[in-house]
Amino acid sequence: RAKRAGRGHACFFDAEMDKAVRTRRQLESDLRQAILRKQLYLEYQPIFDVGSQNVSGYEALLRWAHPERGVIEPETFIPIAEESGSIAAIGEWVLEQACEEAARWQEPANVAVNLSPLQFMIPTLYDQIERILREAGLDPRRLELEITEAALMRERAAVIATLQRLHRLGVRVVMDDFGTGFSSLSNLRAFPFDKIKVDRSFTGALEHDPAARSIVRAIIGLGNSLNMPVVTEGVETELQRRIVVEEGCAQLQGMFFGKPDVGPSQYFMLDKAVGQA
Ligand code: C2E
Ligand code: MG
Ligand code: MG
Ligand code: MG
């Protein structure tokens with residue numbers, strides 16, 4: 001009897017596995033068509049500057065409008081793009097789209113773009129970014145590139161050389177999700193990041209976890225003394241905002257200030273207004 005139940009369980013498990021594998025393969029092939037079929041789009045979340053009390057930039061966040069599955073989150077499909085090789089084309093599309101849109105904004109706000117560590121395996125990444133900025137007519141100083149520590153794991157010297165060239169071009173380089181992963185201090189020493197972003201998991205814990213507050217305080221102090229201003233992401237409440245401002249955080253991002261949406265794109269708003277009329 002135990003044996004029968006065991007086998008039944010194994011069959012159920014196999015069927016589930018099989019379904020997951022098929023879904024995954026389907027998404028992989030759908031994703032290869034997504035750019036051509038114009039299913040990808042960017043949302044923009046404001047980044048608030050404490051010193052000037054103004055929105056100083058927007059982070060571009062990628063979305064996939066899947067024809068059957070609805071809008072899919074980047075945390076679901078970026079790993080698929082990374083494993084199936086489409087991240088190079090998708091990453092290039094994101095850079096082009098973000099730079100073109102930002103160049104049309106009426107306010108000269110910065111635009112922050114997330115880069116996959118795998119994009120650093122593209123030997124022509126620097127030339128690609130330089131070309132995209134030139135073609136979009138966007139001042140390089142308005143582009144911020146958000147990278148995670150994972151980008152510094154492989155081909156470290158080559159990645160740092162690319163970052164240095166981008167930095168010289170005027171592009172701002174931001175260490176994203178700091179506090180998770182390795183949080184290696186030698187990474188902060190090896191390259192002069194323009195900003196450090198504290199991972200949102202700390203922000204969510206600030207109100208009830210004294211350890212989270214101590215860690216955030218330490219990261220902000222470290223960043224300020226290294227001339228790398230700190231951005232806190234995932235700010236959802238007034239109390240969280242007050243805590244990180246008290247600790248000396250330079251910039252803030254999160255639902256408290258605004259969720260990701262169309263951003264300051266005048267063209268899009270015009271389209272919408274025409275659509276409503
Ligand atoms: P991230 O770079 O850390 O982006 C911030 C994430 O926090 C976004 O999730 C944003 O929607 C979410 N968020 C904003 N405000 C709040 C808040 O108040 N509370 C909480 N809990 N979350 C908030 P999203 O858009 O789902 O993106 C998730 C991750 O996907 C991003 O994390 C980034 O690592 C990655 N990603 C997004 N767009 C791209 C892209 O174009 N290329 C690559 N390679 N990765 C991307
Ligand atoms: Mg999300
Ligand atoms: Mg980011
Ligand atoms: Mg982040």
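All ligand and atom numbering here is 1-based and tracks the order in the structure.
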Residue pair [X] / [Y], side-chain donor-acceptor N/O under 3.5 Å:
| X | Y | value |
| --- | --- | --- |
| D49 | Q53 | no |
| S84 | E28 | no |
| E101 | Q97 | yes |
| Q251 | S56 | yes |
| T232 | Q253 | no |

Walk me through it: do E207 and T237 pass the test side chain to side chain donor-acceptor pair (under 3.5 Å)?
CA-CA 9 Å; E207 291 171 353; T237 69; 2.4 Å; yes

Using a strict 4.0 Å cut-off to heavy atoms of [X], name the atoms of ligand 1 that fall inside it.
| X | value |
| --- | --- |
| E236 | 17 (C), 18 (O), 19 (N), 20 (C), 21 (N) |
| Q45 | 14 (C), 15 (N) |
| E233 | 3 (O) |
| D177 | 3 (O) |
| S116 | 44 (N) |
| E75 | 28 (C), 29 (C) |
| P260 | 11 (O) |
| I78 | 42 (N), 43 (C), 45 (N) |

Measuring only between side-chain heavy atoms, which start at C-beta, is D30 closer than 4.5 Å to H66?
yes

Kindly indicate whether the side chain of I47, heavy atoms from C-beta on, has any atom under 4.5 Å from the side chain of E59.
yes

Residue-level breakdown please: for [X] versus ligand 1, do any non-hydrogen atoms fall below 4.0 Å on the side chain, on the backbone, on both, or on neither?
| X | result |
| --- | --- |
| N114 | both |
| K197 | neither |
| L62 | both |
| E82 | neither |
| R200 | side chain |
| D199 | neither |
| V235 | backbone |
| E73 | side chain |

Please state whether the separation between the Mg ion (ligand 3) and some N/O/S atom of E146 is under 2.8 Å?
yes

Answer yes or no: is there an ion pair linking E144 with K197, defined by an N-O contact shorter than 4.0 Å?
no

R213 with D209: basic N within carboxylate O range, under 4.0 Å:
no

Euclidean distance, L143 CG relative to L166 CG, rounded to 0.5 Å:
8.5 Å

Ligand 1 contacted by E43 (non-hydrogen, < 4.0 Å):
no

Which atom name would you report as the N, O or S atom of D177 nearest the Mg ion (ligand 4)?
OD1

Out of the N/O/S atoms in E59, what is the name of the one closest to the Mg ion (ligand 3)?
OE2

Which N/O/S atom belongs to D176 and is the closest one to the Mg ion (ligand 3)?
OD2

Heavy-atom nearest neighbour of atom 27 (O) of ligand 1 within options G234, A81, P74
P74

Ring centroid separation for W105 and Y44, is it under 6.0 angstrom?
yes

